[in-house]
Amino acid sequence: MTNWKVEIDPESKVVTAKIPRQRDLHQDGIRFALFETGQEVVDEIKRLIKSPPKTGRVYMFRGRPHRASAPGEAPANRSGRLWRSSLFIVRGSTEMEVGENVGDPPYDIYLEFGTKN
C-alpha cells in the first residue's frame, strides 16, 4: 500500500501527486552525485599537478633546479603543498565547492597571480 496523495484542482484541472520521501531520495541521489563529481575533480587536479612536462622557466629552489609551469598549465609540483591540500566540500544537495585549504590568502591565489616578489 502506498501513501500517495493525488489532488485535482477543480478550476485549473491541475493534478498534483504527493509522493512521500521522494524528495528526500532525490536529494540523497543529488548529494551522492555531487560527492562523486567532487572526488573526480580533485583526482583530476592532482593528476594535472603531478603530470609532466611543465614548460615554464627554470630557477633554483633549495640548491636544485626547478621548472615552473607556464601560463595556462596546471601548477608545477614543487613542495606538494597544493597537491596535498586539494579538496571538495558538498553542502546539502545544491552546492559543491572545490579548492584548497592552505593559507590566508589561499596558496592557489599566489600560484595563479604571483606575488610582488
Side-chain angles (χ1 to χ4, degrees):
M1 180 175 155
T2 63
N3 293 325
W4 293 20
K5 182 178 181 184
V6 178
E7 297 175 350
I8 302 172
D9 184 327
E11 291 184 23
S12 65
K13 307 290 189 227
V14 172
V15 177
T16 306
K18 294 183 179 178
I19 305 169
R21 291 211 9 89
Q22 292 303 310
R23 181 172 176 243
D24 293 340
L25 291 173
H26 290 301
Q27 286 180 337
D28 289 346
I30 292 169
R31 218 176 349 264
F32 179 76
L34 287 173
F35 181 84
E36 291 289 313
T37 302
Q39 189 60 57
E40 288 181 23
V41 169
V42 167
D43 290 347
E44 180 68 4
I45 289 168
K46 289 181 174 188
R47 186 190 69 75
L48 289 170
I49 290 172
K50 290 279 187 157
S51 66
K54 305 300 181 190
T55 60
R57 70 180 184 91
V58 177
Y59 62 94
M60 297 302 285
F61 177 71
R62 295 186 180 163
R64 295 175 45 188
H66 172 74
R67 181 172 297 277
S69 58
E73 292 179 340
N77 189 42
R78 186 178 76 183
S79 67
R81 180 178 177 188
L82 182 64
W83 187 87
R84 285 189 308 273
S85 70
S86 298
L87 58 78
F88 69 96
I89 299 168
V90 174
R91 293 187 181 94
S93 61
T94 59
E95 189 176 333
M96 177 182 61
E97 183 178 348
V98 178
E100 56 93 21
N101 68 346
V102 177
D104 185 30
Y107 185 59
D108 58 352
I109 299 298
Y110 290 137
L111 292 174
E112 181 72 22
F113 300 108
T115 67
K116 63 182 178 183
N117 297 326

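Computation of the quantities below employed the complete heavy-atom set of this structure, encompassing side-chain atoms and omitting hydrogens, waters and symmetry-equivalent molecules.
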Problem set entry | Linked, directly or transitively: F35 and I30 (ILVMFWY side chains, under 4.5 Å) | yes
Seminar exercise, completed: Taking every heavy atom of M96 against every heavy atom of T37, the minimum-distance pair comes out as CE-CG2, 4.1 Å
For this session: Verify, without hydrogens or angle tests, whether R67 (side chain) and V58 (backbone) share a donor-acceptor contact under 3.5 angstrom.
Result: no
Seminar exercise, completed: Heavy-atom nearest pair, P75 first then L82, reads CG-CD2, 3.7 Å
Problem set entry | Residues in side chain to side chain contact (heavy atoms under 4.5 Å, CB included) contact with I45, at least two apart in sequence or another chain | V41, I49, S86, V98
Exercise. Closest approach of A74 and S69, non-hydrogen atoms and distance?
Worked result: O-CB, 3.1 Å
For this session: Assess whether atom CZ of R91 is packed by more than 12 heavy atoms of other residues, nucleotides or ligands within 6.0 Å.
Result: yes
Exercise. Can you list every salt bridge (charged side-chain N to carboxylate O under 4.0 Å, His left out) pair that touches residues 43-59, not counting sequence neighbours?
Worked result: E44-R47
For this session: Give me the other members of the hydrophobic cluster that Y59 sits in, counting Ile, Leu, Val, Met, Phe, Trp and Tyr linked by side-chain heavy atoms under 4.5 Å, directly or via other members.
Result: F61
Exercise. Going from NE2 on H66 to OG on S79, what distance comes out if it is rounded to the nearest 0.5 angstrom?
Worked result: 9.0 Å
